[in-house]
Amino acid sequence: MTASPLSQVLKGRLLTFSDRPRSVDDTESYAYWAHGALAIQGGKIVWRGDAAKLPQVYQTWQVMDHRDHLILPGFIDTHTHFPQMGVIGSYGAQLLDWLETYTYKQEARFEDTLYCQTVANAFLDELINNGVTTAAVYATSHPGSAHALFEAAHARDMRMIAGKVLMDRGAPDAVCDTPQRAYDESKYLIDAWHNEGRLSYAITPRFAITSSPAQLELMQALAAENTGCYVQTHLSENQFEIDETLRLYPAAKDYTGVYEDYGLLGPRSLLGHCIHLSDRELGALKNSDSIAVFCPSSNLFLGSGLFDYSGMIEADIRVGFGTDVGAGTSYSMLATAADAYKICQLKGYSLNPFESYFGLTLGNARALSLEGKIGTLEVGTEADLCVLNSHATSAMRTRMESVNSLAEELFVLQTLGDDRSIAETYVGGRARKTSAI
Ligand code: GUN
Ligand code: ZN
């Protein structure tokens, strides 16, 4: 892989968002340059606009011309599990059976350091293949798994959020820790990796079923001691999961109440799924400024239910989009947007293409409180980018013959596109997908 020069100009069609598009006609919410240029220095964007107006000072820099391709901020995935690469597409089960039959067995393999390193590297390669430059990632309960992911992300200078999974019951011993080990190992990883380069730590209790009250109590202390860290967990994905949670936490008002009781909600709390929530629970998410993460391909695959995206937006609850690999069936955020569209259709809402690309970029940056760092093409932000080719396959070329607008093109890209539509991925200004430069 060839490193890109530190100072360079990229040319192509630029698209960046400033707010959530309310419709395809909401031209105020995005900026588009049909013949754009982006100047990058030291990993940051220093200029962007119409190529014809590129200031003299950048005109001597090396140029990479992406021509008709679209240059967008790198995609962001707000919920994924790197150790589940080996279980994607495992047949015939809903959540709790799927975890027992396939997932815990696979995660047990992460006791082996070499295996952790191999899969962590394969996972980050897959993200880059798919134009994903930042993700919020679950490791396994083995501290070495989180360590391997951080090490591999650091070597690529990727902005990554991750944490060791915390689970002390309800699963095989090979994937369980104890409350004290969960605390000590998380603390060790926070000290080693949180705010190291572009990395952040996420305190990661798997879900209420696999954490005892004693473990959640210690996680509450850990989160209070490390307020800059994220918290990520699963919430209200499946009815059997909800019933089991309420059996294990009989004093809680409801499932959300469990996390509330242990101080785990807040503006840096990423709650995967949030499908079957009551009005009280939605109110608790809103009041705590927590983030509901929509994982459409996973929800369809496990038959978990239909996330109420438009209801969440109307209730002013922060929303992120995630793949949830490996219950999720694709690493591609384009495929994720395609499945989100279908779920929204079943809920009576047509997610417009500008809104979905906003969601994959600035929307997800906001969900991670990273606006101003990533998610746009604004000057001063980090040059994490993806370059999209809407003619990548013969099916796309045929379909593109009848496309007449940018909105239609974006929609074709999300409906028919996959990793083949990602012509390049830039991480901190460096081309990482191809060695074309
Ligand atoms: N709930 C608890 N663990 C998991 C997991 O690994 N994947 C999904 N989709 N839901 C979970
Ligand atoms: Zn998940």
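Counting starts at 1 for both ligands and their atoms, in listed order.
Ion pairing between a basic and an acidic side chain is recognised when a charged N comes within 4.0 Å of a carboxylate O; K187 and D191 show such pairing. The pair K44-D384 fails the salt-bridge criterion, with no side-chain N (NZ, NE, NH1 or NH2) lying under 4.0 Å from an Asp/Glu carboxylate O.
Side chains of H276 and I242 form a contact here, defined as non-hydrogen atoms less than 4.5 Å apart. L235 is listed as a side-chain neighbour of L285, based on a closest heavy-atom distance under 4.5 Å. Side-chain contact check for L406 versus V24: every heavy-atom pair is 4.5 Å or farther apart.
Ring pair Y357/F321: centre-to-centre distance not below 6.0 Å. A ring-centre distance under 6.0 Å is not found for Y255 and Y249. Taking the six-membered ring for Trp and the full ring otherwise, H81 and Y138 have centroids separated by under 6.0 Å. Within the 6.0 Å centre-distance limit, the rings of Y30 and F354 are counted as a close aromatic pair.
Nearest protein heavy-atom neighbour of atom 7 (N) of ligand 1: W98 CZ3, 3.6 Å. Of the protein's non-hydrogen atoms, R206 NE, 2.8 Å is the one closest to atom 3 (N) of ligand 1. Protein heavy atom at the shortest distance from atom 9 (N) of ligand 1 is D324 OD2, 2.7 Å. At the top of the distance list for atom 10 (N) of ligand 1, counting protein heavy atoms only, stands E237 OE1, 2.7 Å.
The closest heavy-atom contact to atom 2 (C) of ligand 1, among the options E241, H273, H234, comes from H234.
Counting the atoms of ligand 1 from 1 in the order shown, those under 4.0 Å from a heavy atom of A327 are 9 (N). Interface of F207 with ligand 1, defined as ligand atoms under 4.0 Å from a residue heavy atom, comprises 1 (N), 2 (C). In the vicinity of H81, heavy-atom distances shorter than 4.0 Å reach the ligand 1 atoms 5 (C), 6 (O), 7 (N). Near L95, the atoms of ligand 1 lying under 4.0 angstrom from a non-hydrogen atom of the residue are 1 (N), 8 (C), 10 (N), 11 (C).
With rounding to the nearest 0.5 Å, the separation of SG in C386 from CG in L388 is 4.5 Å.
Seen from the ring of Y115, R109 counts as a face-on cation partner, given the 6.0 Å and 45° thresholds.
Listing protein N, O or S atoms at distances below 2.8 Å from the Zn ion (ligand 2), with waters left out, gives H79 NE2, H81 NE2, H234 NE2, D324 OD1.
Only side-chain heavy atoms of L99 come within less than 4.0 Å of ligand 1; its backbone N, CA, C and O stay farther off.
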